[in-house]
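Some notes on the structure that comes next.
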Amino acid sequence: MDQSIRKNNKNQINIVLNHRKKESVPLPPQKILTENVATKHDMLRQVEEEMGRLVGMEDLKKIIKEIYAWIYVNKKRQEMGLKAEKQVLHMLFKGNPGTGKTTVARIIGKLLFQMNVLSKGHLIEAERADLVGEYIGHTAQKTRELIKKAMGGILFVDEAYSLARGGEKDFGKEAIDTLVKHMEDKQHDFVLILAGYSREMNHFLSLNPGLQSRFPFIVEFPDYTVNQLIEIGRRMYEEREYQLSREAEWKLRDHLNAVKYSSGLTSFSNGRYVRNIVEKSVRSQAMRLLSQDSYDKFDLLTISGSDLECDEEPPIL
């Protein structure tokens, strides 16, 4: 796509994270930060370093910097007695499992805590079962209790579209109504992030016309490319002090190509899929070395092609 960040007529920011490689474009000359300014923006540098350890997500890295700049400049305007906008930072994350949605939510929580926007910056993860009760009034009570736990931080509701699956008489609608009320009444005390598959989330929003306008940030997390999945796998091995043999890397690449583009695959769990393969191969390597009774450093470090059991698809979590 030609433009990754667009503003619609409702003043929302729609972001599509493009994982594909882009041609390098020379950047305009930038002023060198003084030591004082660099120290002043140390919290931004820390968050950027953490984001830098994630594969892809270049556009999201830019928008996080924009959020930082927006908050920082608003604080400066307040110091000068100028009018400053109140920051409403509720977000929608759309994409398949394993594309980094929860990880990014944690990083955003850390940034907003460091910027004194949130008092705690913690992340409360929830799904339908945590919000929906068994009788009238129970759902609102459960949802309010969860929001109370999230105060000062982020409430991250995964598979949020499941709240609208039961129709008008389902208790999920009560959960949605309670969330909407509190995200308005306490919009500066916590951040609500609703997450889920892109198609299901689009349908969910179509059933709740007034809901989409309450989220200033709508972020799409596309699937990783095979090259990016290989890089994710390589980093996972390095963290565990393992390395792939050349044969093993070829086998992993062939398998990911076959699975990712399989016509029979309805959902692909991206980074989680790779993690399953990595963990299984480490166990297989341990069994191989035990049977061979060979434990030199090279053997202990190396994952061979035979250790990668890629014939069957690991479970999608």
Side-chain angles (χ1 to χ4, degrees), residues 10-13 15 43-44 46-47 50-51 60 63-72 74-75 78 84-95 100-133 137-164 171-196 201 204-205 208 210-219 221:
K10 295 181 181 179
N11 202 31
Q12 288 175 314
I13 299 175
I15 312 151
M43 65 181 69
L44 174 63
Q46 292 175 18
V47 170
E50 194 164 354
M51 286 294 296
L60 183 57
I63 203 63
I64 284 179
K65 191 168 185 176
E66 286 183 15
I67 290 173
Y68 172 87
W70 180 33
I71 295 169
Y72 187 85
N74 264 347
K75 289 181 183 295
Q78 287 177 322
E85 297 179 42
K86 291 286 187 180
Q87 290 96 20
V88 179
L89 296 167
H90 302 308
M91 303 180 183
L92 284 171
F93 286 1
K94 300 190 291 186
K101 297 188 292 296
T102 308
T103 301
V104 168
R106 286 197 183 96
I107 293 173
I108 290 173
K110 183 182 295 186
L111 173 64
L112 297 181
F113 169 68
Q114 292 174 336
M115 294 291 292
N116 295 319
V117 174
L118 296 175
S119 59
K120 297 178 182 177
H122 63 301
L123 183 74
I124 298 294
E125 297 183 57
E127 53 188 21
R128 179 186 165 91
D130 301 307
L131 296 164
V132 178
H138 188 209
T139 293
Q141 178 187 343
K142 289 183 71 174
T143 304
R144 284 195 298 267
E145 288 174 355
L146 205 58
I147 292 171
K148 186 177 180 180
K149 290 180 182 177
M151 281 295 136
I154 292 177
L155 176 56
F156 182 89
V157 182
D158 201 9
E159 298 185 0
Y161 49 82
S162 64
L163 296 173
F171 291 138
K173 185 178 183 301
E174 189 178 0
I176 296 171
D177 293 341
T178 305
L179 286 172
V180 169
K181 183 180 187 308
H182 283 78
M183 68 188 287
E184 286 294 317
D185 295 347
K186 302 180 183 297
Q187 59 183 280
H188 305 302
D189 299 325
F190 83 111
V191 171
L192 176 64
I193 298 179
L194 300 185
M201 287 298 287
F204 169 62
L205 292 173
N208 299 273
L211 191 57
Q212 183 167 337
S213 62
R214 301 176 191 275
F215 292 90
F217 297 93
I218 299 176
V219 187
F221 290 72

Can you list the steps and then say if Ile107 with Leu111 is a side chain to side chain contact (heavy atoms under 4.5 Å, CB included)? CA-CA 6 Å; Ile107 293 173; Leu111 173 64; 5.7 Å; no

With a 3.5 Å distance limit and no angle check, can you tell me whether Thr139 reaches the backbone of Gly133 through a side-chain donor-acceptor pair? yes

Presence of salt bridge, Glu159 and Arg128, under 4.0 angstrom: no

With rounding to the nearest 0.5 angstrom, report the CE to CG distance, Met183 to Asp189. 13.5 Å

Could you check whether any side-chain heavy atom of Gln114 comes within less than 4.5 Å of a side-chain heavy atom of Gln46, counting everything from C-beta outward? yes

Quick one: closest heavy-atom pair of Gly121 and Phe113, and the distance? CA-CB, 3.8 Å

side-chain contact (heavy atoms from CB on, under 4.5 Å) with Leu89: of Phe190, Phe215, Trp70, only one passes, and it is Trp70

Nearest heavy atoms of Ala150 and Ile124, plus distance in Å: CA-CG1, 3.8 Å

Under the criterion side-chain contact (heavy atoms from CB on, under 4.5 Å), which of Leu155, Val191, Ile154 is the partner of Leu123? Ile154

When rounded to the nearest 0.5 angstrom, what distance separates CD1 in Ile71 from CD in Glu66? 12.0 Å

Check Lys142 with Glu174, please: is the shortest side-chain N to carboxylate O separation under 4.0 Å? no

Looking only at non-hydrogen atoms, find the nearest pair between Gln212 and Ile218 and report the distance. NE2-CD1, 3.7 Å

Can you find a heavy atom in the side chain of Phe221 that is under 4.5 Å from one in the side chain of Val219? yes

The reported gap from CG in Leu92 to CD1 in Ile193 (rounded to nearest 0.5 angstrom) is 9.5 Å

Report yes if some heavy atom in the side chain of Phe93 is under 4.5 Å from a heavy atom in the side chain of Val104; otherwise report no. yes

Return the CE to CD1 distance between Met91 and Ile67, rounded to the nearest 0.5 Å. 4.0 Å

Search all heavy atoms of Lys75 against all heavy atoms of Asn116 and return the closest pair with its distance. NZ-CB, 4.3 Å

Test item: Arg214 and Val180 side chains (from C-beta on) under 4.5 Å apart, heavy atoms: yes

With rounding to the nearest 0.5 Å, note down the distance linking CE in Met115 to NZ in Lys110. 15.5 Å

Below 4.0 angstrom, N of the basic side chain to O of the carboxylate: do Asp177 and Lys181 qualify? no

Audit row: Arg106, Glu125, salt bridge (charged side-chain N to carboxylate O under 4.0 Å, His left out) steps and yes/no: CA-CA 10 Å; Arg106 286 197 183 96; Glu125 297 183 57; 2.9 Å; yes

How far does CG of Leu211 sit from NE2 of His90, to the nearest 0.5 angstrom? 10.5 Å

Beyond-backbone contact of Phe204 with Leu194, side-chain heavy atoms, under 4.5 angstrom: yes

Exercise: identify the closest heavy-atom pair between Thr178 and Ile147: O-CD1, 4.3 Å

Without swapping roles, check the side chain of Lys101 against the backbone of Gly95 for a donor-acceptor pair under 3.5 Å. yes

Would you name the heavy atoms of Thr143 and Leu131 that are closest together and state the gap between them? OG1-O, 3.3 Å

